[in-house]
2 protein chains.
Amino acid sequence: MTIKRKYHHGALKEALVDAALELLAEGGPASLSLSEAAKRVGVTAAAPYRHFASRDDLLNEVARRGFLSFGERIEKAWDEGRPDASTAMWRMCAGYLAFARDEPGLYSAMFGSVATLSAPASAAAADHALEILWRSVVAFLQQRGAPAQGARKLALQVWALAHGVAMLSISGHLDAAKDLDPAHVLDGAIRNLMESAIRRAETARG
Amino acid sequence: MTIKRKYHHGALKEALVDAALELLAEGGPASLSLSEAAKRVGVTAAAPYRHFASRDDLLNEVARRGFLSFGERIEKAWDEGRPDASTAMWRMCAGYLAFARDEPGLYSAMFGSVATLSAPASAAAADHALEILWRSVVAFLQQRGAPAQGARKLALQVWALAHGVAMLSISGHLDAAKDLDPAHVLDGAIRNLMESAIRRAETARG
DNA sequence: ACCTGAACACCGTTCAAGT
DNA sequence: ACCTGAACACCGTTCAAGT
């Protein structure tokens with residue numbers, strides 16, 4: 001009664017995605033190999049091509065799912081702005097950095113590859129994540145009694161800031177600043193950004 | 001009188017670096033191949049190993065030089081804060097984004113690879129680039145009569161912001177915001193960051 | 001000291017053949 | 001419909017041998 005692999009795996013696509021996440025966690029996007037994923041799952045190197053058009057296609061699917069769980073995570077962290085917008089905004093930023101810190105390989109796959117993430121599915125998932133950020137900024141401005149006029153630009157700035165800190169942190173460039181932890185740097189900058197926006201609104205109102 | 005390649009190339013190391021820059025420009029870090037660089041230069045795939053320990057070693061050398069020319073570029077753009085700190089800061093940020101836009105492959109090689117850029121030489125070059133940013137922030141604060149107290153943290157925030165915008169721009173995530181160009185987004189954010197810092201100094205002074 | 005040639009393991013990808 | 005086996009081009013890397 002030896003354990004035999006069935007000829008048909010049954011859930012090969014899911015298994016390959018899981019293996020890809022493993023590889024990403026172990027060595028980043030560079031070590032995501034279709035062959036290695038196939039080997040770990042117990043199929044031939046050619047088998048994945050029934051489910052993915054190419055290596056980049058697999059990477060893209062992984063990135064797409066990454067954006068989805070990323071969006072869920074920061075949405076939960078925002079928690080509809082409870083107990084107040086400032087606290088929730090801080091918590092969301094911390095959640096953003098925590099995701100990048102906990103899954104640097106996945107985060108790099110989502111944002112790192114220049115030409116790879118051209119697929120529309122992945123782009124849509126990324127836009128969804130941005131939208132959550134945008135809604136948070138709008139809610140923040142509303143709670144402070146400011147108009148949501150420049151919210152889109154502000155959301156983009158918040159995103160760029162969080163992304164920049166995350167990437168510099170992942171790549172180790174922030175390690176030189178031993179006394180400054182990433183979350184602290186980001187929090188201070190976000191605070192400045194939001195305060196400036198609110199102040200400008202107040203000044204405009206007279 | 002046929003043109004014959006000398007057995008000894010003479011300047012193989014330099015030639016390989018140049019070829020690597022070409023490959024980087026054509027297809028990003030993923031298409032930087034030691035074999036392809038060797039082929040373009042006209043030597044065997046094994047020849048580069050006299051000059052570079054590995055593919056990553058070549059990539060690292062290219063990144064190191066990238067940081068050097070990047071540092072020169074933003075230093076020139078800053079131009080010692082002429083005619084005034086605000087204008088110079090804007091010009092430096094524009095120069096930062098222009099570098100990333102003109103050489104996306106090189107910029108990605110400099111910042112993108114997570115595990116690759118672990119070499120101390122490359123890290124030192126990166127730190128030097130950050131120092132230029134830091135000096136600019138200090139000069140900005142001085143010209144505005146504010147103390148240079150939080151300059152280091154502020155420089156890190158400026159860097160993260162510029163890096164974030166550059167990366168999002170390179171990876172195409174900013175294209176969704178058709179009406180907002182990267183330089184404009186960055187400029188607005190930097191302005192808010194600096195103004196908040198100055199205002200805080202003024203409040204503290206009473 | 002610097003490069004070639006041959007070799008090996010690995011990877012992406014294709015395709016005819018198996019279940 | 002899904003997977004194997006064999007095949008090809010390509011790449012990183014090593015090493016003995018050539019100049």
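Within every chain, numbering begins at 1; the chains are lettered A, B, ... in the order of the sequence lines, protein sequences first and strands thereafter.
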Does a sphere of radius 6.0 Å around [atom1] in [X] hold more than 12 heavy atoms from other residues, nucleotides or ligands, not counting ones at 6.0 Å or beyond?
{"X": "A:Gln143", "atom1": "CD", "value": "yes"}
{"X": "B:Trp134", "atom1": "CH2", "value": "no"}
{"X": "B:Glu26", "atom1": "CD", "value": "yes"}

* Could you give the distance from CG (A:Leu193) to CE (A:Met89), rounded to the nearest 0.5 Å? ->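 Here the interatomic distance stands at 9.5 Å.
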* Where do B:Phe67 and B:His128 land on the ring-ring contact (aromatic ring centres under 6.0 Å, His included) test, with the steps shown first? -> CA-CA 8 Å; B:Phe67 276 117; B:His128 178 245; over 10 Å; no
* Asked: Is the shortest side-chain N/O distance from A:His51 to OP1 or OP2 of D:dA1 below 4.0 Å?
  ->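 No, A:His51 has no side-chain N/O under 4.0 Å of OP1/OP2 on D:dA1.
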Under 3.5 Å, which N/O atoms of the protein pair with N/O atoms of nucleotides 11-13 of chain D?
unit_1 : atom_1 : unit_2  : atom_2 : d
D:dG12 : OP1    : B:Leu34 : N      : 3.2
D:dG12 : OP2    : B:Ser33 : OG     : 3.4
D:dG12 : OP2    : B:Leu34 : N      : 3.0
D:dG12 : OP2    : B:Ser35 : N      : 2.9
D:dG12 : OP2    : B:Ser35 : OG     : 2.8
D:dT13 : OP2    : B:Tyr49 : OH     : 3.1
D:dT13 : OP2    : B:Arg55 : N      : 2.9
D:dT13 : O5'    : B:Tyr49 : OH     : 3.4

Report all interatomic pairs (protein N or O, nucleotide N or O of nucleotides 16-19 of chain D) with separations under 3.5 Å.
unit_1 : atom_1 : unit_2 : atom_2 : d
D:dG18 : N2     : B:Tyr7 : OH     : 3.0
D:dG18 : N3     : B:Tyr7 : OH     : 3.3

* Measure from the side-chain N and O atoms of A:Ser33 to the backbone N and O of A:Ser35, and report whether any donor-acceptor pair falls under 3.5 Å. =>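 Here the side-chain-to-backbone pair exists.
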* To do: Only counting residues at least two apart or in another chain, list the ones meeting ring pair (Phe, Tyr, Trp, His ring centres under 6.0 Å) with B:Phe99.
  =>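 With sequence neighbours excluded, B:Phe99 shows a ring pair (Phe, Tyr, Trp, His ring centres under 6.0 Å) to B:Phe70, given in chain and number order.
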* For residues B:Val43 and B:Arg50, determine if any side-chain heavy atom of one lies less than 4.5 Å from a side-chain heavy atom of the other. =>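 A side-chain contact under 4.5 Å is absent here.
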* Structure fact -> Encoded 5' to 3' (Watson-Crick or G-U under 3.5 Å; [ ] crossing; | other strand), DNA chain C becomes ||.|||||...|||||.||
* Asked: Can you name the residues that form a salt bridge (Lys or Arg N to Asp or Glu O under 4.0 Å) with A:Arg65, not counting sequence neighbours?
  ->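 With neighbours one apart ignored, the set is A:Glu14, A:Glu61.
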* Report the residues that fulfil salt bridge (Lys or Arg N to Asp or Glu O under 4.0 Å) with B:Glu22, sequence neighbours left out, ordered by chain and then residue number. =>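 So B:Glu22 forms a salt bridge (Lys or Arg N to Asp or Glu O under 4.0 Å) with B:Arg40.
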